[in-house]
Amino acid sequence: MPDIEIDEATTLHYATSGAGEPILLIPGLGLDHNYYRFGIPLLSRHLQVLAVDPRGIGRSTKSPPPYTVEAWADDFAVMIDKLGFGPIHVLGSSLGGSMALALAQRHPGKLKSLIVVGGFSQLDRATELNFRLRLRLIEKLGMSDEVADYMGLWTLTRKFINSDAGFATMRANQANIRANSAQSYSAFVEALLKWGRCQPGQEREPKFTALLDSIKTPTLVVTSDNDHLIPKELSDLIAARIAGAKLVVMPGAGHIPFMEQPEEVVRIVLQFLEELNG
């Protein structure tokens with residue numbers, strides 16, 4: 001599991017496996033490359049998989065806050081250049097999907113394709129309230145059992161949690177999340193809210209959604225019909241604004257299909273890449 005230097009003060013850690021065309025996997029909020037632990041073995045049968053820990057997370061450099069989605073995207077652009085891959089497939093899930101969108105918009109020549117799973121270019125009111133409540137809970141309780149269960153109940157489906165395998169997955173996610181300090185995790189949430197143009201002083205700032213039509217990279221948008229954290233409507237918005245984007249709605253896959261339905265989401269991704277390669 002190598003590291004790559006981004007600048008004099010920053011290295012990014014990533015896991016790599018497989019052979020073939022490279023694909024960069026960007027994880028969701030506060031989680032490291034293990035976010036894709038069920039998908040990596042499946043994808044690596046067909047592709048060279050690079051699963052990254054974003055700056056501040058996992059074994060990558062813990063730079064002091066603040067963080068921004070745009071800065072994370074710029075890190076990945078440097079990573080792609082230094083690895084010498086040229087255009088690369090980029091897949092992001094949840095907040096990682098937003099990082100992937102920012103990468104495609106800011107560094108279009110770096111991507112061969114863009115895959116956004118449960119991502120968002122803006123937040124609706126209910127989603128903003130959810131993340132603001134998360135901040136208040138962390139302020140009062142720290143990275144506690146209560147906060148961990150709150151996150152688990154919003155990111156995984158009832159059916160999945162009620163299974164033994166799903167409950168074990170939730171507990172593993174919680175351990176991964178707790179590797180972050182309360183200060184760091186709160187800074188990640190603040191970055192998410194800033195991306196959504198929800199912070200004080202951003203009232204007149206255009207949503208990133210207004211920039212989506214500048215993305216010309218072949219794009220796949222994947223969502224679930226029962227994602228209660230990032231609703232399908234936010235994925236619909238992305239697919240509608242990026243010319244030629246393909247939208248796939250997975251039944252019953254929750255917010256993190258790479259945990260709840262890894263075989264099916266990998267099948268969808270591979271089919272998209274196969275069609276892209278003609």
Side-chain angles (χ1 to χ4, degrees), residues 1-44 47-86 88-104 106-107 110-111 114-115 117 119 143 151 155 169 172-192 195 256 258-259 262 266:
M1 294 188 180
D3 296 331
I4 189 161
E5 184 179 283
I6 300 303
D7 56 43
E8 291 182 356
T10 309
T11 61
L12 294 187
H13 178 76
Y14 65 99
T16 183
S17 60
E21 285 192 301
I23 185 168
L24 177 66
L25 306 183
I26 308 173
L29 174 62
L31 291 163
D32 65 15
H33 65 276
N34 288 300
Y35 186 97
Y36 292 104
R37 59 193 179 275
F38 303 121
I40 288 172
L42 304 172
L43 287 167
S44 63
L47 302 162
Q48 181 179 0
V49 176
L50 310 166
V52 67
D53 295 350
R55 181 192 295 252
I57 299 167
R59 291 170 61 182
S60 292
T61 299
K62 304 294 192 294
S63 302
Y67 299 94
T68 68
V69 169
E70 291 84 357
W72 278 315
D74 292 346
D75 284 346
F76 303 140
V78 174
M79 177 183 179
I80 291 167
D81 279 347
K82 291 201 169 185
L83 290 173
F85 284 120
I88 186 175
H89 302 296
V90 174
L91 185 156
S93 177
S94 191
L95 182 59
S98 300
M99 297 179 199
L101 286 168
L103 178 59
R106 294 167 69 85
H107 306 279
K110 313 293 185 196
L111 285 77
L114 169 64
I115 303 166
V117 182
M143 301 299 282
M151 295 178 191
T155 52
T169 296
N173 292 350
Q174 291 171 328
N176 196 329
I177 286 285
R178 284 202 180 107
N180 302 293
S181 68
Q183 178 190 23
S184 292
Y185 191 85
S186 294
F188 304 151
V189 178
E190 295 282 2
L192 180 155
W195 169 257
I256 313 179
F258 273 94
M259 295 184 188
V266 166

Between Ser186 and Gln183 (side chain of the first, backbone of the second, donor and acceptor by atom type, cut-off under 3.5 Å), is there such a pair?
no
Can you tell me how far apart CD (Glu21) and NE2 (His89) are? Round to the nearest 0.5 Å.
3.5 Å
Those residues that, when tested against Arg37, pass salt bridge (charged side-chain N to carboxylate O under 4.0 Å, His left out) (two or more places apart):
none
Given the rule in the side chain to side chain contact (heavy atoms under 4.5 Å, CB included) test, do Leu103 and Trp72 qualify, once you have shown the distances and angles that lead to the verdict?
CA-CA 8 Å; Leu103 178 59; Trp72 278 315; over 6 Å; no
Supply the atom-to-atom distance Leu29 CG to Ile57 CD1, rounded to the nearest 0.5 angstrom.
7.5 Å
Would you check if Val266 and Phe38 make a side-chain contact, meaning some heavy-atom pair closer than 4.5 Å?
no
Neighbour count above 12 (heavy atom, 6.0 Å) for Glu5 CD
yes
Check whether any side-chain heavy atom of Thr16 lies under 4.5 Å from a side-chain heavy atom of Pro2, and answer yes or no.
yes
CD (Gln174) and OG1 (Thr169) are apart, to the nearest 0.5 Å, by 11.0 Å
So do the side chains of Thr10 and Ser63 get within less than 4.5 Å of each other, counting heavy atoms only?
yes
Sidechain-backbone polar pair: Ser60 side chain, Asp53 backbone, donor-acceptor under 3.5 Å:
yes
Here the gap from Tyr36 atom OH to Asp32 atom CG, rounded to the nearest 0.5 Å, amounts to 11.5 Å
Is any side-chain heavy atom of Asn173 closer than 4.5 Å to one of Thr155?
no
If you compare all heavy atoms of Ser94 against all heavy atoms of Gly28, which two are closest, and at what distance to 0.1 Å?
CB-CA, 4.1 Å
Would you check if Phe258 and Leu91 make a side-chain contact, meaning some heavy-atom pair closer than 4.5 Å?
yes
I want to check something: taking the side chain as every heavy atom from C-beta on, are Leu50 and Leu83 in contact at a cut-off of under 4.5 Å?
yes
Reported CG-to-CD1 distance for the pair Leu12 and Ile6, which is rounded to 0.5 angstrom
4.0 Å
Minimum heavy-atom separation for His107 to Ala73, with atom names?
CD2-O, 4.3 Å
Side chains of Arg59 and His33: closer than 4.5 Å at any heavy-atom pair?
no
Distance check, rounded to the nearest 0.5 Å: Leu24 atom CG versus Phe76 atom CZ?
6.5 Å
Assess the residue pair Tyr35 and Leu25 against the criterion (side chain to side chain contact (heavy atoms under 4.5 Å, CB included)); give the C-alpha distance rounded to whole Å, side-chain angles, the decisive distance to 0.1 Å, and a yes or no.
CA-CA 9 Å; Tyr35 186 97; Leu25 306 183; over 6 Å; no
NZ/NE/NH1/NH2 to OD/OE distance under 4.0 Å, Arg55 and Asp7:
yes
How close do Lys62 and Tyr67 get, heavy atom to heavy atom, and via which atoms?
C-OH, 4.2 Å
Do you know the tightest heavy-atom contact between Leu114 and Ala104?
CD2-CB, 3.8 Å
Could you give me the CA-CA distance, side-chain angles and deciding distance for Lys110 and Asp81, then say whether side chain to side chain contact (heavy atoms under 4.5 Å, CB included) is met?
CA-CA 8 Å; Lys110 313 293 185 196; Asp81 279 347; 2.8 Å; yes
Are any side-chain N or O atoms of Asn180 and backbone N or O atoms of Gly30, one a donor and one an acceptor, separated by less than 3.5 Å?
yes
Could you tell me if the side chain of Leu31 sits less than 4.5 Å from the side chain of Ile177, heavy atoms only?
yes
